[in-house]
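Structure first, then comments.
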Amino acid sequence: MALIYLDACALITAREKVTPESQALVNLIAEGAGAETPFITSDLALVEVLTKPIQGLIDRTPDREDVTKRADHDWYLGNLVSDGLLLRTKPLQRDILLQAALMRARTLGLKTPDAIHAATAYHFGCTHFVTGDTKLVKSIERDEAWLNSGRRFNFVGLTVAALDALRAELIS
């Protein structure tokens, strides 16, 4: 069974963008929605996805509030939960942080948030990792230990073709 990791880039694309790629991602997520959703992310994603919506709400009176930022803020808080129907968030754990530190030590240019996302996906045995972050993909794919691991996940880029192929795999 597929277990699919969505990083912050993928979540922001699904929620805040209006493109053919974002629609393909929304369709993919909708296909798997339900009690046994195959989608996970890290609690770290909350920090990354909420920053801009919160910036749009700071120091504003309710009558001057940015309604788009409020809607994004409320959607993220309502859906990025441990028992969500669209996806489930996974808590940061010491062993995930240690794995992220190892990945950063072995991989030049890998940023801490990216290492935590990759380590979380690895820890929970994800089969796929959806991201639009090509630097993350290139960094991880230079990690010899990860390349030789039997628990590797497949990166899925934010292209209509890649997302539709994953959706077809999910429903088959």
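Sequence positions, counted from 1, serve as the residue numbers for this chain. Remember, it's a predicted structure, so these values are computed and weren't measured experimentally.
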Show your reasoning for whether side chain to side chain donor-acceptor pair (under 3.5 Å) applies to Glu16 and Tyr76.
-> CA-CA 11 Å; Glu16 299 179 33; Tyr76 288 130; 2.7 Å; yes
Flag side-chain contact, heavy atom, 4.5 Å: Val137 against Thr131 | yes
Within-4.5 Å side-chain heavy-atom neighbours: Val49 and Arg15 = no
Spacing of NE2 belonging to His73 relative to CG belonging to Leu50, to within rounding of 0.5 Å = 5.5 Å
Output field: ring centroids Trp146/Phe129 closer than 6.0 Å | no
Rounding to 0.5 Å, atoms CG (Leu25) and CD (Glu21) come to a distance of 10.0 Å
Tell me, yes or no, whether the heavy-atom count around Leu108 atom CG, taken from other residues, nucleotides or ligands under 6.0 Å, exceeds 12.
-> no
Do Glu144 and Arg106 have side chains that get closer than 4.5 Å, going by heavy atoms?
-> no
Value for OG1 (Thr112) from NE2 (His117), rounded to nearest 0.5 Å, stands at 11.0 Å
hydrophobic_cluster_shared for Leu3 and Leu163, side chain cutoff 4.5 Å | no
Rounded to the nearest 0.5 angstrom, the CG-CG distance for Asp133 and Leu136 is 5.0 Å
Check side-chain hydrogen bond (donor to acceptor under 3.5 Å, both in side chains) between Gln99 and all other residues, then give those that pass, not counting sequence neighbours.
-> none
State, yes or no, whether a side-chain contact exists between Ile40 and Ile4 at a heavy-atom distance under 4.5 Å.
-> no
Listed partners of Arg88 passing salt bridge (charged side-chain N to carboxylate O under 4.0 Å, His left out), at least two apart = none
Determine whether Trp75 and Leu86 make a side-chain contact, defined as any pair of heavy atoms from C-beta on separated by less than 4.5 Å.
-> yes
Checking Ser22 side chain against Thr19 main chain: does a donor-acceptor pair fall under 3.5 Å?
-> yes
Taking the side chain as every heavy atom from C-beta outward, state whether Asn79 and Leu85 have any pair of such atoms under 4.5 Å apart.
-> no
Would you mind checking if Arg70 and Asp74 are paired as a salt bridge, meaning a charged N to carboxylate O distance below 4.0 Å?
-> yes
Residue pairs, two or more places apart or on separate chains, that pass side chain to side chain donor-acceptor pair (under 3.5 Å) and touch residues 151-172 | Glu31-Arg167, His128-Glu169
Heavy-atom closest contact (Ala2 atom, Pro38 atom, distance) = O-CB, 3.4 Å
For the atom pair CD1 (Ile29) and CG (Leu6), what is the distance rounded to the nearest 0.5 Å?
-> 5.0 Å
Non-hydrogen atoms of Leu44 and Pro113 that approach each other most closely = CD2-O, 3.5 Å
Test item: Phe153 and Tyr5 side chains (from C-beta on) under 4.5 Å apart, heavy atoms = no
If you round to the nearest 0.5 Å, how far is OG of Ser139 from CG of Asp114?
-> 7.5 Å
Is Ile140 reachable from Phe124 through a run of hydrophobic residues whose side-chain heavy atoms are each under 4.5 Å from the next?
-> yes
According to the side chain to side chain donor-acceptor pair (under 3.5 Å) rule, which pairs have a member within residues 32-44, sequence neighbours left out?
-> Asp43-Thr89
Taking all non-hydrogen atoms of both residues, which atom of Met103 and which atom of Ala118 are closest, and how far apart?
-> CE-CB, 3.6 Å
Residue pairs involving residues 19-53 (criterion ring pair (Phe, Tyr, Trp, His ring centres under 6.0 Å); sequence neighbours excluded) | none
Can you tell if the side chain of Val130 reaches within under 4.5 Å of the side chain of Asp7, non-hydrogen atoms only?
-> no
Any donor-acceptor pair under 3.5 Å linking the side chain of Ser149 with the backbone of Ala145?
-> no
Could you list the residues that satisfy salt bridge (charged side-chain N to carboxylate O under 4.0 Å, His left out) with Arg142, not counting sequence neighbours?
-> none
